[in-house]
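Single-structure report; data block below.
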Amino acid sequence: MQEMRLFYTPVWRTNLAADTPDWPAQRAAMLARIEVLEVAAQGVERTNFDGWQSDDDLYRHAEFGWLIGRIMALANQVAPEFSPRGVFDDGLLWANVNRRGHFNALHTHPDAVLSGCVYLKIDHADQGLIQFLDAREGSPTSHWRCYTKLGASTPLMEQAVSITPVEGDILFFPGWLRHWVTPNQTDEARVSVAFNIRMN
Ligand SMILES: [Fe+2]
């Protein structure tokens, strides 16, 4: 029997540190730039609760040039899933710094087809997970009694999926997929760079 997967929701993950020989130097340069920006600018308030979020023009800073290149190359590997003729060619990039108790509220990225995040500083799992919520209207999410009958969930029946990022991880997901970041429970800053990518 043929299974047709309708309206599937992909999330892609790889690790930049693993295949970037100068990752430690690149990472250090990006973190240093973010530190300078955080001292110099008040930051913006969007999804961040108390955490610091930069303007979305990090691409203006030379330290992020190589990262933009990597992001766009990876994005274009999955571009055919969004459009047979599509090429991602534009994007916005911003930094998030979450310290103890800081988190990012539930949100989507409505201005982008494809969004994602790169994790520059993650020392412990309890610095904050990213959790994605089921995007399907009328799914088991709204019929929780299913779980009491079925016991353990399956990918088809899942209502929320958490990912524990590690340093160097990069995630890509559709901009419409709801997600949030759990509170940082440590005294170490959690630093990530998020992005929106447009297909023009
Ligand atoms: Fe986000």
Side-chain angles (χ1 to χ4, degrees), residues 7-16 27 30-31 33-34 37-38 41-61 64 67-68 70-72 74-79 81-82 88 90-122 125-137 141 158-186 189-199:
F7 312 116
Y8 65 97
T9 305
V11 174
W12 300 272
R13 180 183 192 176
T14 189
N15 190 281
L16 295 178
R27 171 182 179 267
M30 291 187 290
L31 285 173
R33 173 57 62 187
I34 291 169
L37 291 171
E38 187 181 3
Q42 188 177 2
V44 299
E45 284 188 26
R46 292 198 182 103
T47 68
N48 46 316
F49 273 68
D50 294 330
W52 182 82
Q53 189 167 323
S54 75
D55 287 326
D56 55 14
D57 60 353
L58 276 192
Y59 55 83
R60 296 180 188 276
H61 300 279
F64 297 90
L67 182 60
I68 290 278
R70 293 293 299 277
I71 289 172
M72 298 310 286
L74 289 166
N76 279 304
Q77 288 181 14
V78 301
E81 293 200 53
F82 291 88
F88 290 111
D90 193 14
L92 297 172
L93 195 69
W94 65 95
N96 298 286
V97 181
N98 282 3
R99 296 193 166 82
R100 179 177 280 280
H102 302 170
F103 66 101
N104 295 82
L106 186 64
H107 64 280
T108 61
H109 295 215
D111 298 333
V113 177
L114 183 62
S115 298
C117 200
V118 181
Y119 297 91
L120 298 186
K121 186 175 186 306
I122 297 275
D126 50 5
Q127 272 169 291
L129 315 179
I130 183 167
Q131 185 175 69
F132 296 99
L133 299 189
D134 190 355
R136 300 166 299 175
E137 186 178 0
T141 299
E158 203 59 85
Q159 60 179 332
V161 176
S162 296
I163 292 177
T164 305
V166 299
E167 181 190 313
D169 270 354
I170 181 169
L171 298 179
F172 289 86
F173 47 85
W176 65 78
L177 185 58
R178 292 181 300 158
H179 58 282
W180 72 293
V181 177
T182 62
N184 184 346
Q185 301 177 62
T186 78
R190 176 189 195 275
V191 183
S192 60
V193 172
F195 51 85
N196 281 339
I197 302 177
R198 288 190 286 248
M199 183 176 275

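In listed order, ligands and their atoms are each counted from 1. All heavy atoms count here, side chains included; hydrogens, waters and symmetry mates do not.
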Metal site the Fe ion (ligand 1), protein N/O/S atoms found under 2.8 Å: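 Atoms of protein N, O or S type lying less than 2.8 Å from the Fe ion (ligand 1) total 3.
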Side chain to side chain donor-acceptor pair (under 3.5 Å) partners for D57, two or more places apart: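 D57 satisfies side chain to side chain donor-acceptor pair (under 3.5 Å) with R60 only.
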Where M30 and L120 come nearest, the two heavy atoms and their spacing: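 Shortest heavy-atom separation between M30 and L120 comes out as CE-CD2, 3.5 Å.
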Parallel, tilted or perpendicular: rings of F173 and H109 (30°, 60°):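 Perpendicular: the ring planes of H109 and F173 meet at over 60°.
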Residues M72, I197; criterion side-chain contact (heavy atoms from CB on, under 4.5 Å); working and verdict: CA-CA 8 Å; M72 298 310 286; I197 302 177; 3.9 Å; yes
Test side-chain contact (heavy atoms from CB on, under 4.5 Å) applied to Y119 and N15, step by step: CA-CA 9 Å; Y119 297 91; N15 190 281; over 6 Å; no
Verdict with supporting geometry, T164 and I122, side-chain contact (heavy atoms from CB on, under 4.5 Å): CA-CA 10 Å; T164 305; I122 297 275; over 6 Å; no
